[in-house]
2 protein chains.
Amino acid sequence: MRPESTTARQVRPGGTNGESFFVEPPAAFDEAQEVVGRKWHLRIVYQLLEHGPMGFNALEDRVVGVSSKMLSESLSRLEDDGVVDRDLVSDQPLRVAYSLTERGAALEPVVWGLLRWSVEHGPAEDA
Amino acid sequence: MRPESTTARQVRPGGTNGESFFVEPPAAFDEAQEVVGRKWHLRIVYQLLEHGPMGFNALEDRVVGVSSKMLSESLSRLEDDGVVDRDLVSDQPLRVAYSLTERGAALEPVVWGLLRWSVEHGPAEDA
DNA sequence: CAGCATCCTCTTCGATACTG
DNA sequence: CAGTATCGAAGAGGATGCTG
């Protein structure tokens, strides 16, 4: 499960885990949280993974509880982050299609991992 | 990669994905985000995964940038969420050890998945 | 259909200082 | 060593209403 074969950048400084104190790559967590830490992002990605490209209102229907403002804002951010693509389908009537980029689609294992975790290791019953 | 064999609860209502519009389980995302959505949680879990149980100050040193206040607050939450355990090691001098619960350790694939994703599908160069 | 503008509130996080 | 108290700034997110 460990990313032994990293391509772009490295997670670990070296192969060995000596006494010499190495730290996590803070930037990696920041990037991850930009996507995974915001309330609607993961839910949007999930819907696009499951059902493929769709329009604004289709998303609004499927992403339970989202308002048009939050959906719009989230989609803009996800676009900026290179996770979703927005394509103009037609002008009259106005129709757009949101889809996942390659970067976005690459989130699939993460989304499923998270869902699996929630399902299999439910909330702590005690508190 | 899909959670075909769920034990506790179900992600999908049925086996079939008909026209009849099913939605994601909102609660699952909420739980996930309680852990993954807060700034320090994932970084703390990461350190405990990598280095095993450790004390408060060891964590403070390893989790780059965290203050004692945020670390304390985060650990309390993670304890409440059943992700980390706090064990009193000795009274004089005061020593505690934080470790992952089973639920916490089960986050390993998610943490690695997220890190892999950041590393392999780096930030969008364009914007 | 596919959004944006405003306003408002609640939470999160950081800085700083202090305690058993 | 292992935390807590207090303060303040920033941002996320919701409600509502309007636009091309």
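Within every chain, numbering begins at 1; the chains are lettered A, B, ... in the order of the sequence lines, protein sequences first and strands thereafter. Note that this is a predicted model, so its numbers are computed, not measured.
Across the protein-nucleic acid pair, B:L59 atom CG and D:dA2 atom P stand 10 Å apart, rounded to whole Å. For the pair B:L78 CG and D:dG3 P, the computed distance is 13 Å after rounding to whole Å. Atom CE of A:M54 and atom P of C:dC1 are 15 Å apart (whole Å). Rounded to a whole Å, the CG atom of A:L88 is 13 Å from the C1' atom of C:dG3. Residue A:R77 contributes atom CZ, which lies 8 Å from atom C1' of D:dA12 at whole-angstrom precision. As a whole-Å value, the separation of B:R62 CZ from D:dA2 P is 14 Å. Between the CD atom of A:E60 and the P atom of D:dG14 there is a distance of 13 Å, rounded to whole Å. In this structure, A:E34 atom CD and D:dG11 atom P are separated by 12 Å, rounded to whole Å.
For the pair B:R77 (side chain) and B:E34 (backbone), a donor-acceptor distance under 3.5 Å is absent. Of the possible polar contacts, one joining the B:T101 side chain to the B:G82 backbone as a donor-acceptor pair under 3.5 Å is found. Counting only distance, with no hydrogens or angles, the side chain of B:S72 and the backbone of B:S68 share no donor-acceptor pair below 3.5 Å.
Between A:L71 and A:W40, every side-chain heavy-atom pair lies at or beyond the 4.5 Å cut-off.
Shown here are the salt bridge (Lys or Arg N to Asp or Glu O under 4.0 Å) partners of A:D30, two or more places apart in sequence or in another chain: B:R43.
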Would you please test A:E60 and A:V66 for side chain to side chain contact (heavy atoms under 4.5 Å, CB included) and show each step? CA-CA 6 Å; A:E60 195 173 354; A:V66 76; 4.3 Å; yes

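Both A:L94 and A:S74 sit near DNA chain D, but only A:S74 has its closest nucleotide nearer the 5' end. Mapping B:G37 and A:L75 onto DNA chain C by nearest heavy atom places A:L75 closer to the 5' end of the strand.
Regarding contacts with the backbone of C:dG3, a side-chain N or O of A:Y98 is found under 4.0 angstrom from either OP1 or OP2. The side chain of A:R86 contributes an N or O atom lying less than 4.0 Å from OP1 or OP2 of C:dG3.
With C:dC13, D:dG11, C:dC1 as the choices, the nucleotide that has an atom nearest any side-chain atom of A:N57 turns out to be C:dC1. Checking D:dT4, D:dG14, C:dA2 against every side-chain atom of B:S72, the shortest atom distance belongs to D:dT4. Comparing atom distances between the A:F56 side chain and each of C:dC13, C:dA2, D:dG14 picks out C:dA2 as nearest. Relative to the side chain of A:W40, the nucleotides C:dG14, D:dA2, D:dG14 differ in distance, and D:dG14 lies closest.
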Quiz: residues 84-96 of chain B side-chain donor-acceptor pairs under 3.5 angstrom, not counting sequence neighbours:
residue, atom, partner, partner atom, Å
B:R86, NE, B:Y98, OH, 3.3
B:S90, OG, B:P93, O, 2.4

Using nucleotides 16-19 of chain C, report all nitrogen or oxygen pairs with the protein that are shorter than 3.5 Å.
none

